[in-house]
Amino acid sequence: MSEPISALNHASFDGIAKVEEIGLQGMITLRGDLSDKVLAKAVKDATGQKVPGQREALVNGDTGVCWMSTDELLMLLPYQEVETRLAAMANALSGTHALAVNVSDARAVFRISGASAREVLGKLAPVDLSPEAFQPGQIRRSRLAQVAGAFWMDDGETLRVVCFRSAADYVFKLLKIAAQPGSEVGVY
């Protein structure tokens with residue numbers, strides 16, 4: 001049996017910000033009534049976090065939960081723990097109208113870090129990334145040039161970006177171009 005590998009096997013680039021594919025990240029998409037107490041308990045048991053509010057990302061390292069829409073969460077877990085936690089969630093949600101699916105191998109995750117991290121992402125996504133409009137603990141679903149993606153801030157100089165694995169190479173190349181030395185715009 002082969003070992004799982006991430007989309008780009010830890011590709012990285014240093015420019016006006018550091019861009020790196022972070023490797024394997026466990027992810028569960030959970031759909032259901034986010035106000036349901038059974039669902040909220042299942043989320044808390046799996047991640048240690050409450051159900052986030054609108055556009056909120058409650059993430060600590062490789063574990064957390066992100067609001068994706070009015071009936072969808074993205075749960076982040078250590079890759080090797082996804083199947084165990086998914087089985088526990090399925091058991092906990094039995095009889096509840098909900099859907100939980102392991103999407104770990106269908107996604108790629110990038111980290112953009114450094115003083116110009118906002119600027120790099122701002123060149124690709126039609127989102128106000130100013131510190132007044134976008135802060136750590138917030139998430140946005142948007143476009144990254146021609147593909148869908150989601151992103152949040154871990155701290156004032158670190159963003160994480162999630163996209164479909166099939167678009168990982170395209171997104172990495174976009175981020176590399178946006179992070180080229182000498183490409184500073186000075187907006188943020």
Colleague: Using the side-chain hydrogen bond (donor to acceptor under 3.5 Å, both in side chains) rule, take S69 and D71 through it: C-alpha gap first, then chi angles, then the decisive distance, then the call.
Modeller: CA-CA 5 Å; S69 73; D71 69 346; 3.1 Å; yes
Colleague: Under 3.5 Å, is there a donor-acceptor pair between the E21 and S6 side chains?
Modeller: yes
Colleague: So F164 and V147, do their side chains get closer than 4.5 Å, heavy atoms only?
Modeller: no
Colleague: Give the C-alpha distance, both sets of side-chain angles, the deciding distance and a yes or no for side chain to side chain contact (heavy atoms under 4.5 Å, CB included) between W152 and Q138.
Modeller: CA-CA 6 Å; W152 65 91; Q138 296 180 329; over 6 Å; no
Colleague: With the side chain counted from C-beta on, respond yes when L144 and Y170 share a heavy-atom pair under 4.5 Å apart, and no when they do not.
Modeller: no
Colleague: Measure across L174 and A145 and return the closest heavy-atom pair with its distance rounded to 0.1 Å.
Modeller: CD1-CB, 3.5 Å
Colleague: Can you tell if the side chain of V120 reaches within under 4.5 Å of the side chain of L175, non-hydrogen atoms only?
Modeller: yes
Colleague: Do Q25 and R160 make a side-chain contact, defined as non-hydrogen atoms from C-beta onward lying under 4.5 Å apart?
Modeller: yes
Colleague: So, for R118 and L159, which heavy atoms are closest and what is the spacing to 0.1 Å?
Modeller: N-CD1, 3.9 Å
Colleague: Given M27 and L76, is the side chain to side chain contact (heavy atoms under 4.5 Å, CB included) satisfied, shown in steps?
Modeller: CA-CA 5 Å; M27 290 181 252; L76 304 169; 3.6 Å; yes
Colleague: Given side chains that start at C-beta, do those of K18 and I112 come closer than 4.5 Å, heavy atoms only?
Modeller: no
Colleague: What's the spacing between D33 CG and T96 OG1 if we round to 0.5 Å?
Modeller: 10.0 Å
Colleague: How many angstroms lie between atom CG of L121 and atom CE of M153, to the nearest 0.5 angstrom?
Modeller: 9.0 Å
Colleague: Take a 6.0 Å sphere around OH of Y79 and say whether it holds more than 12 heavy atoms from other residues, nucleotides or ligands.
Modeller: yes
Colleague: With distance as the sole criterion, is a donor-acceptor pair present between the side chains of N102 and E83 under 3.5 Å?
Modeller: yes
Colleague: Does the distance from a Lys or Arg side-chain N to an Asp or Glu carboxylate O, for E72 and R141, drop under 4.0 Å?
Modeller: yes
Colleague: Are the side chain of S94 and the backbone N or O of N91 linked by a donor-acceptor pair below 3.5 Å?
Modeller: no
Colleague: Where is the tightest heavy-atom contact between P136 and G156, given as atom of each residue plus distance?
Modeller: CG-N, 3.8 Å
Colleague: Examine the side chains of D155 and T158 and answer whether a donor and an acceptor come within less than 3.5 Å of each other.
Modeller: yes
Colleague: Which residues pass the side-chain contact (heavy atoms from CB on, under 4.5 Å) test with I28, not counting sequence neighbours?
Modeller: M75, L77, V82, L86, M89, A100
Colleague: Considering non-hydrogen atoms only, spot the tightest contact between P52 and V65 and give its length.
Modeller: CD-CG1, 3.7 Å
Colleague: Can you name the closest pair of heavy atoms from E184 and I16 and give their distance?
Modeller: OE2-CG2, 3.0 Å
Colleague: Counting neighbours of CG on N60 that are heavy atoms of other residues, nucleotides or ligands and sit closer than 6.0 Å, is the number greater than 12?
Modeller: no
Colleague: Group every Ile, Leu, Val, Met, Phe, Trp and Tyr by side-chain heavy-atom contacts under 4.5 Å, then state whether L74 and V51 land in the same group.
Modeller: no
Colleague: Can you tell me how far CE of M68 sits from CD of Q54, rounded to the nearest 0.5 angstrom?
Modeller: 13.5 Å
Colleague: Would you check if K50 and E56 make a side-chain contact, meaning some heavy-atom pair closer than 4.5 Å?
Modeller: yes
Colleague: Would the distance check show the side chain of K123 and the main-chain N or O of S183 forming a donor-acceptor pair, the cut-off being under 3.5 Å?
Modeller: yes
Colleague: Which heavy atom in A168 sits nearest to a heavy atom in A7, and how many Å separate them?
Modeller: CB-CB, 3.6 Å
Colleague: Side chain to side chain contact (heavy atoms under 4.5 Å, CB included) with L73: which of T47, V43, L58?
Modeller: V43
Colleague: Evaluate side chain to side chain contact (heavy atoms under 4.5 Å, CB included) for T29 paired with V103, printing each intermediate quantity in order.
Modeller: CA-CA 7 Å; T29 291; V103 296; 3.5 Å; yes
Colleague: So for atom CD, which belongs to Q146, do other residues, nucleotides or ligands contribute more than 12 heavy atoms lying within a distance under 6.0 Å?
Modeller: no
Colleague: Rounded at 0.5 Å granularity, tell me how far CZ in R111 sits from CG in D154.
Modeller: 7.0 Å
Colleague: Grouping I, L, V, M, F, W and Y whenever their side-chain heavy atoms are under 4.5 Å apart, do V127 and V185 come out in a common cluster?
Modeller: yes
Colleague: Roughly how far apart are L24 CG and Q80 CD, rounded to 0.5 Å?
Modeller: 9.0 Å
Colleague: Describe, in one word, how the ring planes of F110 and F172 are oriented to each other, choosing from parallel (under 30°), tilted (30 to 60°) and perpendicular (over 60°).
Modeller: parallel
Colleague: Could you check if a side-chain atom of E20 sits within less than 4.5 angstrom of a side-chain atom of F13, using non-hydrogen atoms only?
Modeller: no
Colleague: To the closest 0.5 Å, what do you measure between CG (D128) and CZ (F134)?
Modeller: 10.0 Å
Colleague: Is the shortest side-chain heavy-atom distance between L99 and L30 below 4.5 Å?
Modeller: no
Colleague: Starting from the C-alpha separation in whole Å, work towards a yes-or-no answer on side chain to side chain contact (heavy atoms under 4.5 Å, CB included) for V19 and S12.
Modeller: CA-CA 5 Å; V19 175; S12 68; over 6 Å; no
